[in-house]
Participant: 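I am attaching a structure below and will ask some questions about it afterwards.
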Amino acid sequence: MKTASANKTRAFRFLAISAVMGMVLACNFPLLRTADPAAAPQEPASPAVPGLPGATSGNDTALEACLPAVVPGSTTRAQVTAALGEPVQSRQEGEFENLYYPSAVPKMFDVVTLKDQVVVRVVAHHGEKHPLGWSEVLARHGEPAHQAYSDFSQGSRTYSFPEKGLAYIANPELDVVLARWCFPPMGLDAFLAEYGSVLLEEDPFDR
Amino acid sequence: MAVKTYPTWGKMIRNAGLAVLVLLTLQLIFTLPAEAQIEDLEPVEVTAGNTFDCGGKEWVVQVKFWNVGALGGESYAQASLIGDNCINGKLVPPEMGAMQGRFSGGPNGILTMDYCLGAGNSSNCRTVEWQLVEGKYFTLQGNIHFIVQNPEAFDPKPITAEYIFTTYGIQVLDSFDEAGYEPTSWTNQELRLLDEVLRELPPAIRNSLALSRIVRNKVGRDQEGNLQPSWNGVYSACGSPPQKDCSSSSGVIRIFDRAFTPNLLSNDPDGKKKFKAVILHEMIHAHQYFKDDQSMYRNALDSPVLQNWMDATRNVTDIYDPGFKNVDNGWIYGSFPNTPPQWILWEPKEDNKPPTSYGSKNPLEDMSDSVMMYVYDPDKLKATSMKRYTYICDYLYQGVEYENGIRK
């Protein structure tokens, strides 16, 4: 299977929507569990940074943000630096600005991408300092709406939940999430229109 | 004055003509060259000999030596030449018993004897060297001289799965009754090649492998069950099928038939070099995931092995240095707004690139292919990245270098 077939895509979409609705209806659904509670994003008793969008809203996407209190689509540059501090480095890439922060994995950056001073994407790494099992994600979100190959390492895949604004690069055999990718929530069609042509449909590890 | 006369080309040619004919015939039949290394041989005493003419009488001369010779240690270096002397056409028992010399060892070793024209006359001595050819016969000045009577002494000791397990602690498994895999088995030759790879691994790497099993399969399959005919081998850190509570002893390497396809390395007509290279490549993956005797890294990028590797290819290694993110500063897991995150090797310089296109996929493959090329095509690695070559030489192989897969 290179990517989900059209039928599977529809099935995944149905499952994803069902999962979202189920979670919305549930009263006390558990937060995304991680093995390191201190480092993991938890439902805050009080906002990490007062006034940050999503920080106390109970919004599913915000609670599962790639970086604490950074919500793609609404958080501003000033709010990012207020929450996370000044980046190690920043770089202008055309109309986008990337802010680089040390990640849970040594020598790897978490990246906050901004456009017009607003966050449009976050990429965060998971390692021993901030572990996340792929089975935990499946238990939390159900089956992904879309699956593609990934070049991260052999056996890794990109699993996307576009309506939640989440994509995971994970290795299911190792039951590990390697990196997380957050973006403004969108439908599967919009997601595929934006990224479909560049998601890896073929195994990149053919020699 | 007793003069020792030893069989020479002129005398032996009459007597050994038949032997030459027989040997040439044997060579045509047994075309497989002897490739045994000293480590492959059990020490065995070898006898070689021939019959020459001495004044119309049969003159029998024998040489006794150890197959491993001096390479197996000084106690195996001594060789003896036994037989009468032929003096003026007469056979005379030697005054000083068997003549002593040295054999260097192996199927292509050198037998060296000093003989003197006149006992006790050291000023009239010369050194004679006989060349052993593929463990079958000695030549002197290019001509066949002594024929080995027990050439099987140079047959390498068989390598078995049990030997690999007891020596390296790795289970070697044929694939039988595995879901989705066609059965196939390790051949004796493949086991020998595997042993050669394991033997050549630096101890620091060999003792730090998240690996317990190596399995031989016909064709690869990915985790979704799809056939992957282009795969040569694959490493699964949590096992295959994966174990829920995986540890450093869960790792499995699978080697596929395609590993023998000679499409990767030069000077590899039968694919044996590539087969070994594939095993080494996967072993390096097993090293990347090793944490300690009990545990492994689920994200190999947590491993200092990989962090050091990435740093080795960089000019700037301090993540807080603005130069760290320079375009030519090695691997970055990058983020362009309209593409998924992916590995980027921004503008690598011509002399600081992975040695293969496959090695350009990510740092894990870069390191595995670079180590593979260090051993099996070092010139190519030097040409693409002297930084990589030097790091592997200094920090992974402790200065041991290779030429075409053979230790210099």
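As the structure is a computational prediction, the values presented were derived from the model and not from experiment.
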Participant: So which of B:A300, B:C246, B:P363, B:P322 has the biggest tally of heavy-atom pairs under 4.5 Å with chain A?
Facilitator: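 The residue among B:A300, B:C246, B:P363, B:P322 with the greatest pair count is B:P322.
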Participant: B:N267 and B:K273: side-chain donor and acceptor closer than 3.5 Å?
Facilitator: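 Judged by distance alone, the side chains do not pair up.
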Participant: Chain B: which of A:Q154, A:E95, A:K115 shares the most heavy-atom pairs with it under 4.5 Å?
Facilitator: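 Ranked by heavy-atom pairs under 4.5 Å with chain B, first place is A:Q154.
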Participant: So do the side chains of A:E97 and A:T113 get within less than 4.5 Å of each other, counting heavy atoms only?
Facilitator: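 They are not in contact (no side-chain heavy atoms under 4.5 Å apart), so the answer is no.
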Participant: Quick check on B:Q223 against chain A: is it the side chain, the backbone, both or neither that has a heavy atom closer than 4.5 Å?
Facilitator: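 For B:Q223, backbone and side chain are both near chain A.
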Participant: Tell me, side chain or backbone of A:Q89 under 4.5 Å from chain B's heavy atoms, or both, or neither?
Facilitator: side chain
Participant: For the ring pair B:W343 and A:F152, is the centre-to-centre distance below 6.0 Å?
Facilitator: yes
Participant: By the ring-ring contact (aromatic ring centres under 6.0 Å, His included) test, which pairs, at least two apart or in different chains, include something from residues 67-97 of chain A?
Facilitator: none
Participant: Is B:L364 close to chain A through its backbone or its side chain, or both, or neither, when contacts mean heavy atoms under 4.5 Å?
Facilitator: side chain
Participant: Roughly how far, to the nearest 0.5 Å, is CD of B:Q228 from CG of A:D203?
Facilitator: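 It comes to 4.5 Å.
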Participant: So which bits of residues 247-260 of chain B come within less than 4.5 Å of chain A, counting non-hydrogen atoms only?
Facilitator: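 Listed by number: B:R258.
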Participant: Aromatic ring centroids of A:H146 and A:Y159 under 6.0 Å?
Facilitator: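 No, ring centres 6.0 Å or more apart.
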Participant: Output the option from A:P106, A:A104, A:G127, A:P172 having the highest count of non-hydrogen pairs under 4.5 Å with chain B.
Facilitator: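 Max contact count across the listed options: A:P106.
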Participant: Measuring heavy-atom distances to chain A, does B:D369 have an atom under 4.5 Å in its side chain, in its backbone, in both, or in neither?
Facilitator: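 When you check distances to chain A, only side chain atoms of B:D369 fall under 4.5 Å.
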Participant: For A:T158, is it the side chain, the backbone, both or neither that has a heavy atom under 4.5 Å from a heavy atom of chain B?
Facilitator: neither
Participant: I want to check something: taking the side chain as every heavy atom from C-beta on, are A:T76 and A:V119 in contact at a cut-off of under 4.5 Å?
Facilitator: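 Contact flag for A:T76/A:V119 side chains = no.
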Participant: Would you mind telling me which of A:V88, A:N171, A:D151 has the largest number of heavy-atom pairs within less than 4.5 Å of chain B?
Facilitator: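 The residue among A:V88, A:N171, A:D151 with the greatest pair count is A:D151.
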Participant: Indicate whether any N or O donor in one side chain lies under 3.5 Å from an N or O acceptor in the other, for B:N308 and A:K107.
Facilitator: no
Participant: If you look at every heavy atom in B:L381 and B:S370, which pair is closest and at what distance?
Facilitator: CD2-O, 3.4 Å
Participant: With chain A as the partner chain, list the residues of residues 230-238 of chain B whose heavy atoms fall under 4.5 Å from it, by residue number, and write 'none' if nothing qualifies.
Facilitator: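 When heavy atoms of chain A are the reference, residues 230-238 of chain B contributes B:S230, B:W231, B:N232, B:V234, B:S236, B:A237, B:C238 within the under-4.5 Å range.
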Participant: Kindly indicate, with the supporting measurements, whether the criterion side chain to side chain donor-acceptor pair (under 3.5 Å) is fulfilled by A:Q79 and A:Q117.
Facilitator: CA-CA 10 Å; A:Q79 289 169 322; A:Q117 299 289 307; over 6 Å; no
Participant: Between A:V105 and chain B, which part of the residue has a heavy atom less than 4.5 Å away: side chain, backbone, both or neither?
Facilitator: both
Participant: Is B:D311 in contact with chain A via its backbone, its side chain, both, or neither, using a 4.5 Å heavy-atom distance?
Facilitator: side chain
Participant: Would you check if the distance from the ring center of B:Y297 to the ring center of B:F290 is below 6.0 Å?
Facilitator: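 Between B:F290 and B:Y297, which both carry aromatic rings, the centre distance is not below 6.0 Å.
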Participant: Below 4.5 Å from any heavy atom of chain A, which atoms of B:S357 appear? Answer side chain, backbone, both or neither.
Facilitator: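 Contact with chain A is absent: no heavy atom of B:S357 under 4.5 Å.
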Participant: Has B:K361 got a side-chain atom pairing as donor or acceptor with A:P204's backbone, closer than 3.5 angstrom?
Facilitator: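 Yes, B:K361 side chain to A:P204 backbone: donor-acceptor pair under 3.5 Å.
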Participant: Give a yes or no answer on whether the side chain of B:S368 reaches the backbone of B:H281 with a donor-acceptor pair at less than 3.5 Å.
Facilitator: yes
Participant: Under the side-chain contact (heavy atoms from CB on, under 4.5 Å) rule, collect the residues that match up with B:S295, sequence neighbours excluded.
Facilitator: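 Listed in chain order: B:K291, B:D292.
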Participant: With rounding to the nearest 0.5 angstrom, report the NZ to CG distance, B:K276 to B:L194.
Facilitator: 10.5 Å
Participant: Side chain, backbone, both or neither: which part of A:V176 has a heavy atom under 4.5 Å from chain B?
Facilitator: side chain
Participant: Quick check for you: among B:W331, B:Y358, B:Y289, B:F324, which has the greatest number of heavy-atom pairs under 4.5 Å with chain A?
Facilitator: B:Y358
Participant: Can B:R216 and B:E190 be counted as an ion pair, charged N to O under 4.0 angstrom?
Facilitator: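 Judged by the 4.0 Å cut-off on N to carboxylate O distance, B:R216 and B:E190 do form a salt bridge.
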